[in-house]
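Labels below follow one simple rule: chain letters A, B, ... track the order of the sequence lines, proteins then strands, and each chain is numbered from 1.
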Amino acid sequence: MTSAVVEVRTTVRSTGFKRYRETLWLLTARDLRVRYSTSALGYFWSILDPLVMAGIYWFVFTQVFKRDVGEEPYIVFLLSALLPWMWFNGAVSDSTRAFLREAKLVRSTNIPRTIWVGRLVLSKGIEYLFSLPVLAVFAILGGASLTGWIVLFPLALLIQTILTVGIGLIVAPLVVFFRDIERAVKLMLRFLFYASPIVYSASDLPQSLHAWSALNPLTGLFALYRSMFFERELDWFLVGGSIVVSVALLLVGLLVFSRSERALLKEI
Amino acid sequence: MTTPVANGAAPRTPHAPVIEVASAGIRFRRNRGGRRSFKDLLSGSSRRARPDDFWPLRDVSFTVAPGEAIGVVGRNGQGKSTLLKLVAQVVLPDEGSVVVRGGVAPLIEITGAFVDDLTVRDNVFLTAGLHGMPRKEIAERFDEIIAFAEIGGFVDTPYKHLSSGMKARLAFSVISRLEEPILLVDEVLAVGDRGFREKCYARIDELLAGGRTLFFVSHSEKDLRRFCTRGLYLNKGSLVLDGPIEAVLEQYASDTKV
């Protein structure tokens with residue numbers, strides 16, 4: 001016989017958005033903790049990595065080649081786009097393994113599955129914020145001063161989050177079914193590095209390419225980041241293109257993700 | 001913080017089902033080598049049936065009232081674990097629906113959420129947190145969890161250095177302290193020595209006495225009789241019998257007689 005009195009001691013569980021946020025934060029904190037607890041230099045890798053990269057490009061483009069692109073001081077110009085690029089690059093290439101690496105965990109918890117992508121974007125984003133002191137130091141040393149456009153910095157972060165989550169939501173589930181996509185994404189990223197205004201400025205492109213370059217969401221995004229030091233870099237046409245393409249990619253990402261989720265859970 | 005919910009104030013009455021499975025089915029492709037196309041993948045779940053489809057579970061319907069203890073029996077490969085995964089909502093049905101009201105503490109692949117490189121302490125907070133337990137509550141129960149798992153001296157040891165017995169004990173301890181209204185158990189009790197198994201059983205008894213709903217998959221008739229009042233018998237992916245556990249075990253025994 002089942003007893004008539006059912007006494008269930010339940011505890012207050014956060015639901016909906018709050019639960020989503022808490023779980024996202026928990027996994028992001030785990031990512032960072034694993035990364036920093038398993039390496040002796042910990043936080044310094046977040047600085048060292050962009051520093052070495054910037055050093056290489058600075059050497060090549062100011063000491064070896066005669067450069068007539070970009071702005072002065074070049075190292076500030078370079079870093080202001082290179083750091084967000086490393087966020088984008090890191091999050092997108094990690095998203096190819098978002099489900100494969102955590103298969104055991106995905107199989108055993110029923111948290112909203114988009115978190116597996118969101119947490120990569122968030123943890124790389126936090127690393128980006130951690131690396132900003134590098135930019136600040138070079139700006140002070142190089143004598144670059146901030147412009148009023150620094151108020152657009154949050155907008156730039158928002159666009160980049162939308163863009164990166166969108167691409168992650170497309171890439172992460174598809175890689176599980178088509179492993180080739182992992183290689184293709186790596187190749188695309190290498191191409192995008194030079195196709196986007198990182199070592200050069202969007203205004204250095206030939207006029208005929210100007211309209212086309214708005215289709216690359218990174219072009220307007222980096223223009224926005226750079227406007228905080230270099231007013232001339234701000235080009236609203238490119239920024240508008242970046243917003244439109246980013247939002248479109250997010251919508252496509254959500255669609256692809258929701259369509260493939262069922263099959264994805266069976267595959268891993 | 002623990003807030004006891006008075007029965008009358010709870011939104012659900014004692015007899016509203018906590019689990020409702022309605023003609024649920026799940027499909028796999030028989031031939032893994034078969035080429036999969038983008039169109040296939042993205043065309044939604046309503047696409048036409050294919051000849052190489054295989055249904056590990058199809059047209060299964062039942063409801064579970066709160067506080068019921070249900071045992072799932074069937075031979076290997078008849079869909080028991082798949083059913084448990086559907087209820088745990090770690091896979092989604094291709095047909096029909098699975099509605100689960102209330103949180104689930106899944107003792108399936110229990111060690112899955114643990115990270116090798118982090119300490120036992122970090123892992124407890126992480127796993128319990130992933131299952132939705134607030135940080136403060138974990139802190140309150142932390143000592144209890146460690147004591148139950150009998151790994152008092154290893155709180156700051158990296159998880160990977162624990163023995164496999166310790167890992168299983170820790171996992172059971174964390175999941176069984178989640179205080180969720182529904183408990184899913186998938187033969188995990190085979191791990192651990194006899195002493196610990198007895199402790200696990202006692203803990204499950206305790207949870208059942210507290211009004212938890214139990215969903216239990218096992219091959220052991222003894223265990224099934226001990227915990228369950230109702231049985232589900234799965235054969236070739238469909239639900240053959242849903243009735244009192246004695247009747248289900250009887251039919252299962254007569255079907256498997258050689």
Query raised in the report: What part of B:L130 lies closer than 4.5 angstrom to a heavy atom of chain A: side chain, backbone, both or neither?
Result: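 It is both, since atoms from each part get that close.
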* Asked: For B:V91, is it the side chain, the backbone, both or neither that has a heavy atom under 4.5 Å from a heavy atom of chain A?
  ->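 B:V91 touches chain A through backbone and side-chain heavy atoms alike.
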Q | Donor-acceptor contact present, side-chain A:S242 to main-chain A:L238, <3.5 Å | A |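 Flag not set: sc A:S242 to bb A:L238 has no pair under 3.5 Å.
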Are A:R97 and A:E102 within salt-bridge range, i.e. N to O under 4.0 Å?
->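 No, A:R97 and A:E102 are not salt-bridged.
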inquiry  = Counting heavy-atom pairs under 4.5 Å with chain B, which one of A:L105, A:L27, A:T23 comes out on top?
reply    =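 Most heavy-atom pairs under 4.5 Å with chain B: A:L105.
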Applying a strict 4.5 Å limit to non-hydrogen atoms, the region of A:L26 in contact with chain B is both
Between A:P173 and A:S260, the two heavy atoms sitting closest are CB-OG, 3.4 Å
Between A:L174 and A:I170 the two heavy atoms that sit nearest each other are CG-O, 3.2 Å
